[in-house]
Amino acid sequence: MKTIAVLGASADRQKFGNKCVRAYRASGYRVFPVNPAAREIEGLPVYRSLAEVPAPLDRISVYLPPPRTLSLLPEIARAAGGPAGAEVWFNPGSADGAVLEEARRLGIAARPGCSIVDIGRRPGEFPG
């Protein structure tokens, strides 16, 4: 089973960090929500950091503002395992030029775009 960590996952069903959790579950992924302030999202346990995720990851999907994303890039790089490791999706609004430049410098397999659309789903399929 493929795995994904959703960095910035949310219990708020209107937010894309929640829609991502639901979309990937519906598509057969094992989903690891990551949010230091939450305990459970969509019935799944939430991890406070990527370092706490108990399985190797195929993907990381980021739903954080660029300054927060930039500060977490070293942790993302460790969790991703380098260019041949996990794909890291920087969803709209999570990365700017500085984030993408630093991600590439750190060897992160950066994918700017919507990770939900990439698996053939639409965010609108998962209403709030």
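Note that the structure is predicted; figures quoted are calculated from it, not measured.
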ask   = What heavy-atom pair brings Gly28 and Met1 nearest, and what distance separates the two atoms?
value = O-CG, 3.3 Å
remark   = Smallest heavy-atom separation, Ala103 atom then Ala110 atom, equals CB-CB, 4.3 Å
ask   = So how far is it from Cys20 SG to Ile119 CD1, rounded to the nearest 0.5 Å?
value = 7.0 Å
note = Distance col, row Ile4:CD1 vs Tyr24:OH, nearest 0.5 angstrom, shows 4.0 Å
message = Just checking Phe16: does its CZ atom have more than 12 heavy atoms from other residues, nucleotides or ligands closer to it than 6.0 angstrom?
response = no
Hydrophobic cluster membership, Leu73 vs Leu64, 4.5 Å side-chain cutoff = yes
request  = Would you please name every residue forming a side-chain hydrogen bond (donor to acceptor under 3.5 Å, both in side chains) with Glu75, sequence neighbours left out?
outcome  = none
ask   = Going from CG on Asp12 to NZ on Lys19, what distance comes out if it is rounded to the nearest 0.5 angstrom?
value = 9.0 Å
message = Strictly distance-based, threshold 3.5 Å: is any side-chain N or O of Asn91 a donor or acceptor partner for the main-chain N or O of Ser115?
response = yes
note = Heavy atoms of Pro74 and Ser71 approach each other most closely as CD-O, 3.7 Å
note = Interatomic distance, CD1@Ile108 vs CZ@Phe90, rounded to 0.5 Å, equals 5.0 Å
inquiry  = Has Glu52 got a side-chain atom pairing as donor or acceptor with Arg48's backbone, closer than 3.5 angstrom?
reply    = yes
query = Would you say Leu57 and Phe32 make side-chain contact, with heavy atoms under 4.5 Å?
reply = yes
request  = Answer yes or no: is there a donor N or O on one side and an acceptor on the other, between the side chain of Ser10 and the main chain of Asn18, under 3.5 Å?
outcome  = no
query = Less than 4.5 Å apart, any side-chain heavy atom of Val31 and any of Glu42?
reply = no
request  = Without swapping roles, check the side chain of Arg22 against the backbone of Arg13 for a donor-acceptor pair under 3.5 Å.
outcome  = yes
key: Single-linkage hydrophobic cluster, 4.5 Å side-chain cutoff, Val88 and Tyr47 together   = yes
key: Ser94 (side chain) donor-acceptor with Tyr63 (main chain) under 3.5 angstrom   = no
inquiry  = Nearest 0.5 angstrom please: Trp89 CH2 to Ile60 CD1, how far?
reply    = 13.5 Å
Between CD1 on residue Ile76 and CG on residue Leu106, distance to nearest 0.5 Å = 9.5 Å
inquiry  = Grouping I, L, V, M, F, W and Y whenever their side-chain heavy atoms are under 4.5 Å apart, do Leu70 and Val62 come out in a common cluster?
reply    = yes
task = Of all the heavy-atom pairs spanning Pro123 and Val117, show the shortest one and how long it is.
result = CD-CG2, 4.3 Å
task = Report yes or no: does Asn35 contribute a side-chain atom to a donor-acceptor pair with the main-chain N or O of Ala9 at less than 3.5 Å?
result = yes
ask   = With a 4.5 Å limit on heavy-atom distance, are the side chains of Asp118 and Arg59 in contact?
value = yes
key: Minimal non-hydrogen separation, Glu125 against Arg122, with atom names   = OE2-N, 2.7 Å
ask   = If Ile, Leu, Val, Met, Phe, Trp and Tyr residues are connected whenever their side-chain heavy atoms lie under 4.5 Å apart, and connections chain through other members, are Leu50 and Val99 in the same group?
value = yes
inquiry  = Quick check on the hydrophobic clustering: are Val53 and Leu44 connected, directly or via other members, by side-chain heavy-atom contacts under 4.5 Å?
reply    = no
ask   = Which heavy atom of Ala5 sits nearest a heavy atom of Val34, and at what distance?
value = CB-CG2, 4.2 Å
